[in-house]
Amino acid sequence: MSHDAWLQIDGLDVVAAPHLPPLARCVTLDLRPGDRLGLMGRNGAGKSTLLRQIAGLLPLAGRSAQVQLQGHPLHSLGPERLAALRTLMPSQPRDRFNLSVLALLELAQPRVDAPSAQDALRHLDAWALRDRDVLALSAGERQRVALAQALVQGCPLLLLDEPVAFQDPGHQRLVGALLETLTDRIVVFCAHDVNWVARHATHVLGLGLQADDHGWFVAPCDLALQPERLHRLYDCHWTQLQDASGHRAWIAL
């Protein structure tokens, strides 16, 4: 492990349930503020499970598995300290009460700070939703509100499960551009859109039994997104197109 890393993972097995074999073995990586790690792989590869393990919501697996936040082992952090260090955004938020969007964000904050809640909604093109009932939002609107909830908690580690799920292309680009501004935080996100990951991630962790003998690989984004690795991840062939301006796009064949 690197001594200057803020998030350190060493020897972690990604296990969905105690009676099941690991989806990936001995995952090891270090992340620092400004890093944006994209988790990629097929459905069921363990992306959401890994997020929940890092968040402390699932037990760590592996003979010598360790996860440290800011130099502290995950198991040593009480609920209040853990809540101040990391936030987890689920892929499909579930609401039980008909609160307004702005009230929901204020409840998510350690201390009510109306300006920061309002700013988060504006940055995510959700200010017009502030008085809407969260139970009446579309899936895409609710997902942007969920991201705003995560942002206003002020945690240095953001764990985002499908942050651009249900988003149209314009809002996908908006969300990606916003994540790039969070240079004082670590962002770990799951995503299926290879081109969105290529544009906005600094590193990629590929999960899946096709990846390698341990079921995973990690690399800087440009090195990770190569035809051979994408083939092993998704069991289909890929090619990259480039236009006259140099813009590139991955296409699954």
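In this text, all values refer to a predicted model and were calculated from it rather than measured experimentally.
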Is a donor on one side and an acceptor on the other found under 3.5 Å between the side chain of [X] and the backbone of [Y]?
| X | Y | result |
| --- | --- | --- |
| Q167 | G140 | yes |
| W216 | L205 | no |
| D10 | Q66 | no |
| K47 | L207 | no |
| D133 | L135 | yes |

Checklist entry - Between Q172 and R199, is a side-chain hydrogen bond (donor to acceptor under 3.5 Å, both in side chains) present by the stated rule, with each step listed? => result CA-CA 11 Å; Q172 287 186 21; R199 181 181 291 269; over 6 Å; no

Checklist entry - Does the pair E141/R132 count as a salt bridge with the N-to-O cut at 4.0 Å? => result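 Judged by the 4.0 Å cut-off on N to carboxylate O distance, E141 and R132 do form a salt bridge.
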
Checklist entry - Do NZ/NE/NH1/NH2 and the carboxylate oxygens of R248 and D243 come within less than 4.0 Å? => result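 Salt bridge flag = no for D243 with R248.
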
Next on the checklist: Can you confirm whether more than 12 heavy atoms, excluding those of R173, are under 6.0 Å from its CZ atom?
Outcome noted: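 No, because the 6.0 Å sphere around CZ of R173 holds 12 heavy atoms or fewer from other groups.
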
Checklist entry - Around D222, counting heavy atoms of other residues, nucleotides and ligands shown, do more than 12 lie under 6.0 Å from its CG? => result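 Open: at most 12 neighbouring heavy atoms sit under 6.0 Å from CG of D222.
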
Could you tell me whether the side chain of [Y] reaches within less than 4.5 Å of the side chain of [X], counting heavy atoms only?
| X | Y | answer |
| --- | --- | --- |
| V27 | V14 | yes |
| H192 | E162 | yes |
| L230 | L225 | yes |
| R185 | R36 | no |
| C221 | V204 | yes |
| Q240 | I251 | no |
| L104 | V145 | yes |
| L178 | L151 | yes |

Between [X] and [Y], a side-chain donor and acceptor under 3.5 Å:
| X | Y | value |
| --- | --- | --- |
| R86 | Q153 | no |
| Q242 | H247 | no |
| H171 | Q143 | no |

Checklist entry - Can F189 and V197 be said to form a side-chain contact (heavy atoms from CB on, under 4.5 Å), step by step? => result CA-CA 9 Å; F189 60 80; V197 174; 4.1 Å; yes

Next on the checklist: Using the rule given for side-chain contact (heavy atoms from CB on, under 4.5 Å), can you reason through M89 versus L147, listing the C-alpha separation, both sets of side-chain angles and the distance that settles it, and then say yes or no?
Outcome noted: CA-CA 7 Å; M89 188 195 87; L147 181 53; 3.9 Å; yes

Checklist entry - Does the pair S48 and D161 meet the rule for a side-chain hydrogen bond (donor to acceptor under 3.5 Å, both in side chains), with working shown? => result CA-CA 6 Å; S48 298; D161 200 347; 2.6 Å; yes

Checklist entry - Does NZ or CZ of R122 come closer than 6.0 Å to the centre of the six-membered ring of W127, within 45° of the ring's axis? => result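 Yes, R122 lies over the aromatic ring of W127.
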
Next on the checklist: Working note: L102 + L121, criterion side-chain contact (heavy atoms from CB on, under 4.5 Å); need CA distance, chi angles, decisive distance, verdict.
Outcome noted: CA-CA 8 Å; L102 188 56; L121 291 175; 4.1 Å; yes

Could you measure the distance from the [atom1] atom of [X] to the [atom2] atom of [Y]? Nearest 0.5 Å is fine.
| X | Y | atom1 | atom2 | value |
| --- | --- | --- | --- | --- |
| L60 | D13 | CG | CG | 10.0 Å |
| R32 | W6 | CZ | CH2 | 13.5 Å |
| Q68 | L74 | CD | CG | 9.5 Å |

Next on the checklist: So, applying side-chain contact (heavy atoms from CB on, under 4.5 Å) with L157, which one of L69, V187, L31 is it?
Outcome noted: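 Exactly one pass, corresponding to L69.
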
Next on the checklist: If hydrophobic clusters are built from ILVMFWY residues whose side chains come within less than 4.5 Å, do V188 and L29 share one?
Outcome noted: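 In one cluster with V188: L29, yes.
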
Item to check | Contacts of type ring-ring contact (aromatic ring centres under 6.0 Å, His included), residue H237, not counting sequence neighbours | outcome: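 With neighbours one apart ignored, the set is H231.
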
Item to check | Candidate pair L12 and T28, rule side-chain contact (heavy atoms from CB on, under 4.5 Å), full reasoning | outcome: CA-CA 7 Å; L12 177 64; T28 299; over 6 Å; no

